[in-house]
Amino acid sequence: MFERDETIFTDEDVLREDYQPAKLEERDEELESFKAYLQPVINGKQPRNIFLYGKTGVGKTAATRYLLDHLKTDAKQYEDLSITSIYCNCEDLTSSYQVAVELVNRLRSPEDRISTTGYPLNEVYAKLYDEIEAVGGTVLIILDEVDQIGTNDSILYQLPRARANGYLDQAKIGIIGISNDFKFRDSLDPRVEDTLCEREIHFSPYDATDLQAILTRRAELAFHPDVLNSEVIPLCAAFAAQDRGSARQALDLLFESGDLARRNNTERVAEDDVREARRQLEKRQIEQSLVDLTTHGHLTLFAVAFRAKMDKTPARKDAIYTQYQSIADHLEHDPLSDRSVHAHLNELTMLGILDRLEFNEGRAGGIYYKYRLSVDLDTVQSALAEVPTLEGANI
DNA sequence: TATCCACTGGAATATGTGGTCG
DNA sequence: CGACCACATATTCCAGTGGATA
């Protein structure tokens with residue numbers, strides 16, 4: 001029934017997110033500064049706090065992993081050095097409290113985990129300091145996607161000051177904050193900005209040439225020789241550079257193209273595979289963001305999709321709200337206030353599922369928005385069909 | 001060029017859920 | 001159990017917005 005299929009790839013894992021290349025290229029300047037900022041750690045001094053920013057997929061996380069690995073290896077030659085790093089992705093952690101809990105749990109054994117609610121904030125910090133103190137030495141805390149914790153940033157000034165405030169004695173803490181939101185830095189409390197952003201490194205997006213170089217190197221390891229048509233890599237690079245300049249995106253695209261060729265049993269990967277792969281990735285991304293919406297988020301989108309079906313988009317909030325009410329009614333959900341639906345429309349716009357057009361009709365009209373689907377109606381329909389709460393409702 | 005509409009969007013407040021602890 | 005705690009999601013309230021028009 002099963003058999004190995006090795007016509008296209010030699011090792012597809014090379015294209016996956018968790019693959020760590022032996023060398024990190026196209027990021028020389030960034031690595032240079034980063035390395036310099038980590039130097040105090042090797043010297044056994046108080047670590048600097050470092051703040052990395054740049055868009056997603058430009059090598060921030062990879063660079064951090066890469067340097068920390070080297071740092072730990074190189075530290076072994078000095079007996080008086082003990083370096084611990086804790087990596088924490090704040091993606092799903094929306095407050096300082098949750099980050100603190102996560103850090104405590106990282107440091108504790110699995111049977112000793114604490115729950116994510118219930119304790120006073122100070123108590124969680126106290127537990128965290130205890131754990132860090134127990135580890136001792138230099139503790140580097142990496143907070144990835146740190147902008148996700150939003151305005152609730154108390155942990156960002158608690159941690160850097162823990163030692164100064166006498167909570168820590170044995171341990172030296174260094175924070176490495178990673179963010180893809182440039183505005184985040186400006187929104188920080190000035191006290192936090194001073195300490196957290198002591199040293200900053202900016203990662204610029206990759207351009208098409210960088211991406212081509214990266215893809216070419218990976219492709220040599222991942223694919224059999226000569227299975228890629230000559231236009232495949234430049235096209236993947238161009239698509240990704242146009243969009244966000246993300247290496248992650250370019251690699252995903254390359255993998256997906258290869259995978260398509262494999263499934264089609266063709267011997268080579270061609271331009272059409274890349275274009276089709278791009279469509280599929282886009283679709284998958286939308287389906288993914290739909291999964292995370294609340295019931296009323298779904299209903300709101302449903303209402304817009306319904307109007308789109310009848311060719312009545314773009315539509316104003318009022319019209320969408322009326323539509324939403326009748327749908328909610330039909331499905332026996334209590335409708336929300338129009339302000340809340342307005343909030344949902346906003347969120348859908350942020351996710352790139354809806355487009356928002358601005359209007360201003362002046363003296364007697366005022367300003368308002370009109371919304372419409374920003375993606376294929378078909379995609380939305382098939383994604384919504386997967387949502388259990390909408391069972392029985394057809395557009 | 002001052003006005004004025006109909007909305008936007010921030011903020012304060014409320015509600016319900018899931019948790020700890022004595 | 002009851003007092004507390006944090007949080008997601010809604011609700012309510014209202015100051016601000018900005019450009020076509022009088």
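Values in this document were obtained by computation on a predicted structure and should not be read as measured data. The sequence lines fix the lettering, A, B, ..., with proteins before strands; numbering per chain opens at 1.
A:Cys88 is listed as a side-chain neighbour of A:Leu93, based on a closest heavy-atom distance under 4.5 Å.
Taking the charged nitrogens against the carboxylate oxygens, A:Arg284 and A:Glu287 have no contact shorter than 4.0 Å, which rules out a salt bridge.
We find that CG of A:Leu293 is positioned 14 Å from C1' of C:dT9, with the value rounded to whole Å. Atom pair A:Asn346:CG and C:dT9:P shows a separation of 15 Å (rounding to whole Å applied).
The stretch residues 366-373 of chain A touches DNA chain C through A:Gly366, A:Ile367, each having a heavy atom within less than 4.0 Å of the strand. Of the residues in residues 314-326 of chain A, not one comes within less than 4.0 Å of DNA chain C through any heavy atom. Remark: A:Ser115, A:Thr117, A:Gly118, A:Tyr119 in residues 113-122 of chain A come within less than 4.0 Å of DNA chain B through at least one heavy atom.
Closest non-hydrogen pair, A:His298 versus A:Leu290, comes out as NE2-O, 2.8 Å. Contact between A:Asn49 and A:Ile175 at its shortest, heavy atoms only, is OD1-N, 2.9 Å.
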Distance-only check: which donor-acceptor pairs under 3.5 Å involve side-chain atoms of residues 369-378 of chain A, not counting sequence neighbours?
residue	atom	partner	partner atom	Å
A:Tyr369	OH	A:Arg356	NH2	3.3
A:Ser374	OG	A:Gly352	O	3.0

List the atom pairs, with distances to 0.1 Å, where a side-chain N or O of residues 27-36 of chain A and a protein N or O form a donor-acceptor pair under 3.5 Å, not counting sequence neighbours.
residue	atom	partner	partner atom	Å
A:Arg27	NH1	A:Val58	O	2.8
A:Arg27	NH1	A:Ser204	O	2.9
A:Arg27	NH2	A:Ser204	O	3.2
A:Ser33	OG	A:Glu29	O	3.0

List the atom pairs, with distances to 0.1 Å, where a side-chain N or O of residues 160-171 of chain A and a protein N or O form a donor-acceptor pair under 3.5 Å, not counting sequence neighbours.
residue	atom	partner	partner atom	Å
A:Arg163	NH1	A:Asp169	O	3.3
A:Arg163	NH1	A:Ala171	O	2.6

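Side-chain contact of A:Arg244 with A:Thr56: a donor-acceptor pair under 3.5 Å is present, judged by distance alone.
The nucleotide range of DNA chain B contacted by chain A, defined by atoms under 4.0 angstrom from heavy atoms of the protein and reported 5' to 3', is B:dT3 to B:dC21.
Pairs of residues two or more places apart, or lying in two chains, that qualify as ring pair (Phe, Tyr, Trp, His ring centres under 6.0 Å) and include a residue from residues 237-259 of chain A are A:Phe9-A:Phe255. Pairs passing the ring pair (Phe, Tyr, Trp, His ring centres under 6.0 Å) check and including a residue from residues 188-221 of chain A, sequence neighbours excluded, read A:Tyr53-A:His202, A:Phe182-A:His202. Residue pairs meeting the side-chain hydrogen bond (donor to acceptor under 3.5 Å, both in side chains) criterion with at least one partner in residues 59-71 of chain A, sequence neighbours excluded, are A:Thr61-A:Asp144.
Regarding contacts with the backbone of C:dT11, a side-chain N or O of A:Ser340 is found under 4.0 angstrom from either OP1 or OP2. For C:dA10, the OP1/OP2 oxygens have a side-chain nitrogen or oxygen of A:His344 closer than 4.0 Å.
Residues passing the side-chain contact (heavy atoms from CB on, under 4.5 Å) test with A:Ala261 are A:Ile8, A:Thr266, A:Val269, A:Asp273, sequence neighbours excluded. Remark: A:Phe359 pairs with A:Tyr368 by the ring-ring contact (aromatic ring centres under 6.0 Å, His included) rule, at least two apart or across chains.
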